[in-house]
Amino acid sequence: MASAREVADRAAHRLHDWDAPTPCSDWDARELLNHLTAEQLWVPHLLAGETVEQVGDRYDDDVLGDDPVATWERANAAAAEAWAGVPDDRVVHLSFGDTPAAEYRWQMTMDLAVHGWDMATAAGADAGIPDELATAVLDHIADDVENWRGTIFADAVDVPSGASPQDRLVALTGRDPGWKPPTRA
């Protein structure tokens with residue numbers, strides 16, 4: 001089964017039009033990859049015990065440079081390495097308070113899966129979030145998702161009762177599973 005990290009990585013490699021709109025209306029393709037890359041750059045710091053204040057604003061601007069995919073690859077690999085062997089109960093100092101590493105891992109998994117879907121969809125491809133992964137993320141965020149409406153997620157989009165786990169996940173996070181890139185001249 002592909003991990004959320006692999007879903008996002010495949011999507012990053014499918015992007016070619018960095019100005020392309022995405023289903024995440026706040027960001028175009030480059031801005032979205034920049035967000036994911038910056039999030040991955042934070043991981044080694046936070047898992048090593050640094051606070052948000054200690055990391056500071058070093059990842060607030062464009063972190064992608066002239067080679068967005070290569071920068072993503074380096075950040076993605078460094079984050080994966082940082083996660084190796086981290087116990088679930090390690091305390092991570094996040095912006096909203098101290099959090100067990102297991103919860104931070106779920107937040108990062110959801111972010112990678114959903115934004116991986118955004119990027120793949122912007123590129124006109126299927127993100128291919130495995131059913132098991134989408135179901136696990138759905139199960140994990142189900143109790144909290146309403147608390148995140150208006151800050152992290154838009155209103156849920158209705159999907160048919162037989163919708164795939166991938167479609168249910170992206171719809172729950174406020175995305176239209178049928179979104180297609182607009183035709184551009």
Side-chain angles (χ1 to χ4, degrees), residues 1-40 42-43 68-69 72 76 79 88 92 94-97 99-185:
M1 171 177 77
S3 69
R5 184 174 307 286
E6 292 166 325
V7 168
D9 188 60
R10 277 194 319 262
H13 284 88
R14 291 176 173 149
L15 290 172
H16 302 290
D17 178 359
W18 295 111
D19 297 321
T22 72
C24 185
S25 61
D26 290 342
W27 292 317
D28 65 19
R30 183 183 175 92
E31 293 164 333
L32 187 55
L33 183 59
N34 189 71
H35 162 73
L36 279 182
T37 302
E39 290 289 320
Q40 297 309 300
W42 275 84
V43 169
V69 175
W72 154 257
N76 189 25
D88 286 347
V92 181
L94 301 179
S95 61
F96 54 85
T99 305
E103 180 58 30
Y104 179 45
R105 186 184 318 264
W106 274 111
Q107 291 172 13
M108 295 301 288
T109 298
M110 187 257 325
D111 202 45
L112 287 165
V114 172
H115 285 319
W117 180 88
D118 289 332
M119 290 189 303
T121 303
D126 177 13
I129 301 173
D131 288 350
E132 300 87 8
L133 175 60
T135 299
V137 172
L138 278 164
D139 290 347
H140 191 78
I141 68 171
D143 292 340
D144 295 319
V145 74
E146 292 309 318
N147 298 329
W148 300 330
R149 294 267 179 243
T151 56
I152 298 175
F153 301 131
D155 291 336
V157 174
D158 290 331
V159 292
S161 61
S164 71
Q166 174 178 279
D167 285 356
R168 291 193 337 261
L169 174 61
V170 298
L172 184 64
T173 63
R175 289 146 171 85
D176 177 359
W179 189 91
K180 301 283 185 222
T183 305
R184 297 182 353 154

Hey, is the main chain of V170 close enough, under 3.5 Å, to the side chain of T173 for a donor-acceptor pair? yes
Working to the nearest 0.5 angstrom, can you tell me the gap between L169 CG and D139 CG? 10.5 Å
Indicate yes or no for a side-chain donor-acceptor contact from R14 to the backbone of A122 under 3.5 Å, with no hydrogens or angles considered. no
How would you list, by chain and number, every residue that makes a side chain to side chain contact (heavy atoms under 4.5 Å, CB included) with A102, sequence neighbours excluded? D88
Hey, are the side chains of W106 and I141 touching, using non-hydrogen atoms and a 4.5 Å cut-off? no
For the residue pair H35 and W27, does the interplanar ring angle fall in the parallel (under 30°), tilted (30 to 60°) or perpendicular (over 60°) class? parallel
Mind checking the CD-OG1 spacing from Q107 to T99? Nearest 0.5 Å is all I need. 6.0 Å
D126 and Q166, any side-chain heavy atoms less than 4.5 Å apart: yes
Who pairs with R5 by side-chain hydrogen bond (donor to acceptor under 3.5 Å, both in side chains), at least two apart in sequence or on another chain? Q40, N76
With rounding to the nearest 0.5 Å, note down the distance linking NE2 in H115 to CG in L33. 11.0 Å
State, yes or no, whether a side-chain contact exists between T121 and P177 at a heavy-atom distance under 4.5 Å. no
Taking side-chain hydrogen bond (donor to acceptor under 3.5 Å, both in side chains) as the definition, give me every residue that meets it alongside D176, ordered by chain and number, with sequence neighbours left out. none
Could you tell me the separation between the CG atom of D167 and the CG atom of L172, rounded to the nearest 0.5 Å? 12.5 Å
As an exercise, state the distance from CG of D9 to CE of M119, rounded to the nearest 0.5 Å. 8.5 Å
When rounded to the nearest 0.5 angstrom, what is the spacing between CG in L36 and CE in M108? 8.0 Å
